[in-house]
**Q** 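Got a structure here, written out as structure tokens. Questions coming.
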Amino acid sequence: MPLELPPGTASYSDRSPPPKNRQLLQMLGFFVGFAIALFASVQGLADVLSGLVPYGVEQQLGALIIPVYEQQAKASSEEQGQSSLIQDKLNQLVDRLETHLPDEPHHRDYRVIYIPTAEAQPVVNAMAIPGDRIIIYEGLLAQMESENELMMVLGHELGHFAHRDHLRRLGRGLLLQLVLAGVLGDVGSLQSIALSSATTLDNSRFSQDQEYQADRFGLDLLQQTYGQVAGATDFFARMSQELGSNIDFLTTHPGADKRVRRIETEIQDKGYQVGERSPLLLPLSKP
Ligand SMILES: [Zn+2]
């Protein structure tokens with residue numbers, strides 16, 4: 001049975017081709033459109049990939065990365081006893097925040113790795129790493145003047161986990177390798193991925209939007225934990241006033257004064273109350 005072409009199809013090839021310029025323009029338009037679409041999809045690729053990393057692979061990666069930081073904690077502390085007491089206290093605080101976290105398909109138990117650093121070169125930073133660990137450096141803890149202020153920082157880091165920023169910051173290349181390792185069950189390649197990941201984690205920074213989202217998450221946790229949000233802006237306000245911008249937390253985080261304004265607006269919009277601060281009871285000797 002002969003194939004019947006729809007009406008008009010046969011005459012298509014009879015049409016005279018459009019002038020060369022028009023063809024060129026059409027091609028150019030197609031190419032530009034294609035490039036924009038490709039760029040947009042690559043921009044969102046890290047977001048998509050971070051959602052595809054299987055829970056088990058993330059935990060296996062964490063198991064390889066965590067010892068790197070635990071080693072730092074050991075190497076830089078002469079007083080192991082005191083720093084493990086501090087770490088215990090930090091974990092108790094995280095546990096309190098955790099009771100207010102939204103449910104996740106996998107049970108996560110967030111823990112802190114406290115890293116004491118030399119007083120001469122304090123590292124004022126905190127970060128979320130795969131394996132459900134929050135890294136807190138001594139230099140950051142030394143800045144904390146109330147429990148509420150510290151809880152805001154811890155809540156902020158929990159926000160990065162909730163938004164999967166701790167995976168997104170690994171970048172598209174590593175994420176793709178992770179997803180493939182999960183799909184292919186190739187656990188061997190995780191060793192080399194972990195090695196690159198540790199370097200990437202130390203050097204990468206989040207986008208401003210990721211930071212604001214994490215602040216918002218921390219603020220809500222603060223409200224749920226205390227019924228008010230005292231201390232939410234303290235750390236960032238002190239950063240911008242006293243310390244200037246030449247500290248680690250700000251090289252991996254956006255401008256402190258902008259964040260203070262954003263958080264204050266958020267507090268007003270949500271009608272959160274600002275009450276009393278609770279003292280921070282840590283076995284910590286401040287300079
Ligand atoms: Zn952050």
Side-chain angles (χ1 to χ4, degrees), residues 50 53 55-95 97-98 108-144 150 153-171 174-175 177-178 181 187 189-206 210-211 214 218 247-253 282-284:
S50 69
V53 176
Y55 174 77
V57 171
E58 185 190 335
Q59 295 306 313
Q60 280 172 331
L61 177 70
L64 293 168
I65 293 178
I66 288 166
V68 176
Y69 290 94
E70 283 176 340
Q71 196 57 39
Q72 276 183 35
K74 242 182 222 161
S76 48
S77 174
E78 285 164 13
E79 293 173 49
Q80 282 298 319
Q82 195 202 27
S83 68
S84 79
L85 282 176
I86 294 171
Q87 185 165 287
D88 290 348
K89 173 71 183 180
L90 292 171
N91 276 320
Q92 287 166 20
L93 294 176
V94 170
D95 286 345
L97 293 173
E98 271 185 278
R108 290 174 185 266
D109 183 18
Y110 296 103
R111 314 295 299 160
V112 172
I113 299 176
Y114 171 64
I115 303 187
T117 44
E119 242 172 63
Q121 289 175 306
V123 180
V124 185
N125 211 356
M127 60 181 179
I129 65 162
D132 303 337
R133 293 298 192 280
I134 300 171
I135 309 294
I136 301 281
Y137 288 95
E138 183 178 11
L140 180 121
L141 198 59
Q143 290 295 323
M144 298 292 132
L150 176 57
V153 172
L154 293 172
H156 171 98
E157 297 304 325
L158 289 174
H160 282 312
F161 283 116
H163 305 144
R164 298 182 77 77
D165 295 335
H166 63 299
L167 290 175
R168 285 201 271 176
R169 74 188 297 193
L170 293 176
L174 283 173
L175 279 173
Q177 290 181 50
L178 274 179
V187 182
S189 66
L190 276 176
Q191 289 278 359
S192 69
I193 300 174
L195 213 65
S196 314
S197 298
T199 319
T200 309
L201 286 169
D202 281 342
N203 298 317
S204 71
R205 51 183 298 167
F206 291 132
Q210 285 173 314
E211 289 303 332
I247 55 158
D248 311 277
F249 195 80
L250 294 181
T251 58
T252 51
H253 291 77
L282 283 178
L284 186 72

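It should be emphasised that the depicted structure is a prediction, and the values quoted were computed from it without experimental measurement. The first residue in the sequence is number 1, and the count goes up from there.
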**Q** Minimum heavy-atom separation for Val153 and Ala126, please, with both atom names.
**A**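 Minimum heavy-atom contact is CG1-CB, 4.2 Å.
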**Q** Are the side chains of Leu158 and Ile134 in contact, using a 4.5 Å heavy-atom criterion?
**A** yes
**Q** Return the minimal non-hydrogen interatomic distance between Arg164 and Glu58, and the atom names on each side.
**A** NH2-OE1, 3.9 Å
**Q** If you round to the nearest 0.5 Å, how far is OG of Ser197 from CG of Leu178?
**A**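 OG of Ser197 is found 6.0 Å from CG of Leu178.
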**Q** Can you give me the closest heavy-atom contact between Ile115 and Gln72, atom names plus distance?
**A**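 The pair with the smallest heavy-atom distance is CD1-OE1, 3.6 Å.
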**Q** Nearest 0.5 Å, please: how far is CG in Leu195 from OG1 in Thr200?
**A**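 Rounded to the nearest 0.5 Å, the OG1-CG separation comes out at 10.0 Å.
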**Q** Which distance, rounded to the nearest 0.5 Å, do you find between the CD1 of Ile193 and the CG of Leu61?
**A**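 Taking CD1 in Ile193 and CG in Leu61, the distance rounds to 7.0 Å.
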**Q** Please report the shortest heavy-atom distance between Gln143 and Val124, naming the atom on each side.
**A**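 Looking at all heavy atoms of both residues, the shortest contact is CG-CG1, 4.2 Å.
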**Q** Does a donor on one side chain sit under 3.5 Å from an acceptor on the other, for Glu157 and His166?
**A**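 The answer is no; no qualifying pair exists.
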**Q** Between CD1 of Ile135 and CD1 of Ile113, what distance do you get to the nearest 0.5 Å?
**A**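 Interatomic distance, Ile135 CD1 to Ile113 CD1, rounded to 0.5 Å: 4.0 Å.
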**Q** If we only count heavy atoms from C-beta on, is the Glu70 to Lys74 side-chain gap below 4.5 Å?
**A**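 In short, these two side chains do not touch, never coming nearer than 4.5 Å.
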**Q** When you compare the side chain of Arg169 with that of Met127, does any pair of heavy atoms fall below 4.5 Å?
**A**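 Result yes, sub-4.5 Å side-chain heavy-atom pair found.
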**Q** Going by salt bridge (Lys or Arg N to Asp or Glu O under 4.0 Å), name the pairs with one or both residues in residues 120-137, residues two or more places apart or in two chains.
**A** Arg108-Asp132
**Q** Does any non-hydrogen side-chain atom of Asn91 lie less than 4.5 Å from one of Val112?
**A** yes
**Q** For a 4.5 angstrom cut-off between non-hydrogen side-chain atoms, does Tyr114 reach Lys89?
**A** no
**Q** One pair to check against side chain to side chain contact (heavy atoms under 4.5 Å, CB included): Val53 and Leu170. What are the steps and the verdict?
**A** CA-CA 12 Å; Val53 176; Leu170 293 176; over 6 Å; no
**Q** Can you tell me how far CG of Asp95 sits from CG of Leu90, rounded to the nearest 0.5 angstrom?
**A**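 One gets 11.0 Å once the value is rounded to the nearest 0.5 Å.
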**Q** Specify the closest pair of heavy atoms between Ser83 and Pro116, including all atoms of both residues, with the distance to one decimal.
**A**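 For Ser83 versus Pro116, the nearest heavy atoms are CB-CG, 3.8 Å.
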**Q** The criterion is salt bridge (charged side-chain N to carboxylate O under 4.0 Å, His left out); which residues satisfy it with Arg168, sequence neighbours excluded?
**A** Asp47, Asp165
**Q** Which atom pair, heavy atoms only, marks the closest approach of Leu167 to Pro130?
**A** CD2-CG, 4.3 Å
**Q** Answer yes or no: is there a side-chain heavy-atom contact under 4.5 Å between Arg111 and Val94?
**A** no
**Q** May I ask you to decide if Tyr110's main-chain N or O and Glu98's side chain share a donor-acceptor pair within less than 3.5 Å?
**A** yes
